[in-house]
Amino acid sequence: MGLIPASPAANPAPAETVLEFPDNRLLIQLCGPHDRHLARIEAATGTHVLRRGNRLSIVGPPEAQADAAALLNGLYTRLEQGRSVDMGDVEAALRMGGESSGDGGSPTPAEQLEMFGQGPIELRTRKKTVEPRTEAQRDYVRALYGHELAFGIGPAGTGKTYLAVAVGVTMLIGGHVDKIILSRPAVEAGERLGFLPGDMKEKVDPYMQPLYDALNDFLPAKQLQKLMEEKRIEIAPLAFMRGRTLASAFVVLDEAQNATTMQMKMFLTRLGEGSRMVVTGDRTQVDLPRGSVSGLVEAETLLKGVPGISFSYFTARDVVRHPLVARIIEAWDADEAGVEARAEAARAGMRPRRWIERNDG
């Protein structure tokens, strides 16, 4: 792979950057189905990418050409390392500036954190390699390795729980913890489900399904089943955590906004020797009864600034699900801001502008 400057023509044409890729098979993967990857890079960088044999010609402003070239070179390097490139990886490269990942073993968390400072972040599980796709996600993974207690707070779809489980699986595979414990409050999302049939496990499993989904992404089914039978991976409702001391474990509390203040205190005080704990939640999706204080909000207020505890925050810009999810979150946030502004105006004895226009116009 090399960078070939365009040769000057008799009639001046727009300057272009030409990239040559020796492996046509990898080039096909780089371009994506129907050149969709190239189209996404064009739209993001403001360039035009032309494919000519095993060469890609990039036309556009000089700085934009350099950005597109860096992205394409980084993605091609990823393919040369035997890793796949899909649209999610293209989006991640656009956010992160086209970095590619190197090789590594199973260092300690402290050594891993030091390695992260030298280059891109890569979490290797049994089934796939996971990489942060935004700056906030990258800082979050660093916090998970650098702190024994970490909070991840932000809207749905930002990878808070997914990355936490990926780090937990990576640490379990590397022998840095003996077990993974995943927990959630068993709270209905705004509706009454009544009495569920079956034994305790069958009643609880529907609430825990997102945690099973994450584990299935990282571990083969047979290995996951064996680890769960050996109690090296546990998935349990938050209420079952009382009285336990969680030593040498990677512990994740998901949907923490639905934990009460007493439940949160109970959970956080389970932390034992050699353990790491992650608390994730979305303050905008509290399903507790009206009047109840969210334990996540309380913990955030009380524990800010405590040494050894980190808080990582996400916004709609960090959503890595369907692009519409980010727009939905932004629309909801804008509406809530408007409601708060109107309420503040009412409290101040002012009439909102729309009310004035409708009644005084």
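All values reported here derive from a predicted model rather than from experimental measurement.
- In summary, Glu135 and Arg138 engage in a salt bridge, as defined by a charged side-chain N under 4.0 Å from a carboxylate O.
- A donor-acceptor pair under 3.5 Å is absent between the side-chain atoms of Asp287 and the main chain of Asn258, judged by distance alone.
- Closest heavy-atom contact between Ala166 and Leu123: CB-CD1, 4.0 Å.
- A single hydrophobic cluster is seen to contain both Val90 and Leu72, as judged by linkage of ILVMFWY side chains at heavy-atom distances under 4.5 Å, directly or through other members.
- Across all their heavy atoms, Thr47 and Ala68 have their closest contact at OG1-CB, 4.0 Å.
- Taking OG1 of Thr280 as the reference point, atom CG of Leu253 lies at 6.5 Å (rounded to 0.5 Å).
- Considering every non-hydrogen atom in both Ala156 and Asp282, the closest pair reads N-OD2, 3.7 Å.
- Rounding to the nearest 0.5 Å places CG of Leu215 at 10.5 Å from NZ of Lys127.
- A continuous path of hydrophobic side-chain contacts links Leu296 to Val306 [ILVMFWY only; heavy atoms under 4.5 Å].
- Atom CD of Glu148 has 12 or fewer heavy atoms from other residues, nucleotides or ligands within 6.0 Å.
- Of the possible donor and acceptor atoms, none in the side chain of Gln263 sits under 3.5 Å from a partner among the backbone N and O of Ala239.
- In this structure, the side chains of Asp254 and Leu182 stay at 4.5 Å or more apart for every pair of heavy atoms.
- Judged purely by atom type and a 3.5 angstrom limit, Arg242 has no side-chain atom pairing as donor or acceptor with the backbone of Met266.
- Linking ILVMFWY side-chain heavy atoms closer than 4.5 Å, directly or via other members, places Leu163 and Leu172 in a single hydrophobic cluster.
- Annotation: cation-pi pair Lys304/Phe311 present, NZ/CZ under 6.0 Å from the ring centroid and within 45° of its normal.
- Side-chain contact between His48 and Leu50 is present, with heavy atoms from C-beta onward closer than 4.5 Å.
- Scanning both residues, Ala93 and Leu71, for their nearest heavy atoms gives O-CD2, 3.2 Å.
- Looking at heavy atoms from C-beta onward, Met277 lies in side-chain contact with Phe267 at the 4.5 angstrom threshold.
- Of the N and O atoms on the side chains of Tyr313 and Glu300, at least one donor lies less than 3.5 Å from an acceptor on the other residue.
- Contact check on Arg55 versus Glu16 returns no salt bridge, with no Lys/Arg side-chain nitrogen under 4.0 Å from an Asp/Glu carboxylate oxygen.
- To the nearest 0.5 angstrom, Glu230 atom CD is 11.0 Å from Gln225 atom CD.
- Put simply, OG1 on Thr269 and CE on Met264 are 11.0 Å apart, with the number rounded to the nearest 0.5 Å.
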| request: Show your reasoning for whether side chain to side chain contact (heavy atoms under 4.5 Å, CB included) applies to Val279 and Leu149. | output: CA-CA 8 Å; Val279 179; Leu149 175 56; 4.3 Å; yes

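- Between Lys179 and Glu234 there is a salt bridge, since a side-chain N of the basic residue sits under 4.0 Å from a carboxylate O of the acidic one.
- When atom types are taken as modelled, the side chain of Asn54 and the backbone of Glu20 share no donor-acceptor pair closer than 3.5 angstrom.
- Atom CZ of Arg78 and atom CG of Asp89 lie 4.0 Å apart (nearest 0.5 Å).
- Put simply, the side chain of Glu131 does not reach to within 4.5 Å of the side chain of Ile121, judged on heavy atoms.
- With a 4.5 Å cut-off on side-chain heavy atoms, Pro210 and Glu255 do not count as touching.
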| Can Arg317 and Thr134 be said to form a side chain to side chain contact (heavy atoms under 4.5 Å, CB included), step by step? | CA-CA 8 Å; Arg317 292 190 298 273; Thr134 69; over 6 Å; no

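- Counting only heavy atoms from C-beta outward, the side chains of Val252 and Leu211 never approach each other to under 4.5 Å.
- You'll find the side chain of Lys160 reaches within 4.5 Å of the side chain of Phe314, heavy atoms only.
- At a threshold of 4.5 Å between non-hydrogen side-chain atoms, the residues Tyr140 and Val167 do not count as touching.
- Arg283 places no side-chain N or O within donor-acceptor distance of the main-chain N or O of Gln257, the cut-off being under 3.5 Å.
- For the pair Ser183 (side chain) and Leu238 (backbone), a donor-acceptor distance under 3.5 Å is present.
- Val278 and Ile173 end up in the same hydrophobic cluster when Ile, Leu, Val, Met, Phe, Trp and Tyr side chains are linked at under 4.5 Å.
- No side-chain donor-acceptor contact under 3.5 Å links Arg232 to the backbone of Leu227.
- Checking side-chain atoms of Ser275 against main-chain N and O of Phe250 turns up no donor-acceptor pair under 3.5 Å.
- Cluster membership for Ile309 and Val141, using ILVMFWY side-chain heavy atoms within less than 4.5 angstrom, is not shared.
- Between atom CG of residue Asp178 and atom CG of residue Leu246 there is a gap of 12.5 Å, rounded to the nearest 0.5 Å.
- Put simply, the side chain of Gln65 gets close to the backbone of Gly60: a donor and an acceptor are under 3.5 Å apart.
- Side chain of Arg276 to backbone of Tyr145: a donor-acceptor contact under 3.5 angstrom is found.
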| said: Assess the residue pair Asp23 and Tyr76 against the criterion (side chain to side chain contact (heavy atoms under 4.5 Å, CB included)); give the C-alpha distance rounded to whole Å, side-chain angles, the decisive distance to 0.1 Å, and a yes or no. | reply: CA-CA 10 Å; Asp23 191 326; Tyr76 188 81; 3.3 Å; yes

| task | Decide side chain to side chain contact (heavy atoms under 4.5 Å, CB included) for Leu303 and Leu268; before the verdict, give the C-alpha distance in whole Å, the side-chain angles of both, and the deciding distance to 0.1 Å. | result | CA-CA 11 Å; Leu303 301 179; Leu268 295 178; 3.7 Å; yes

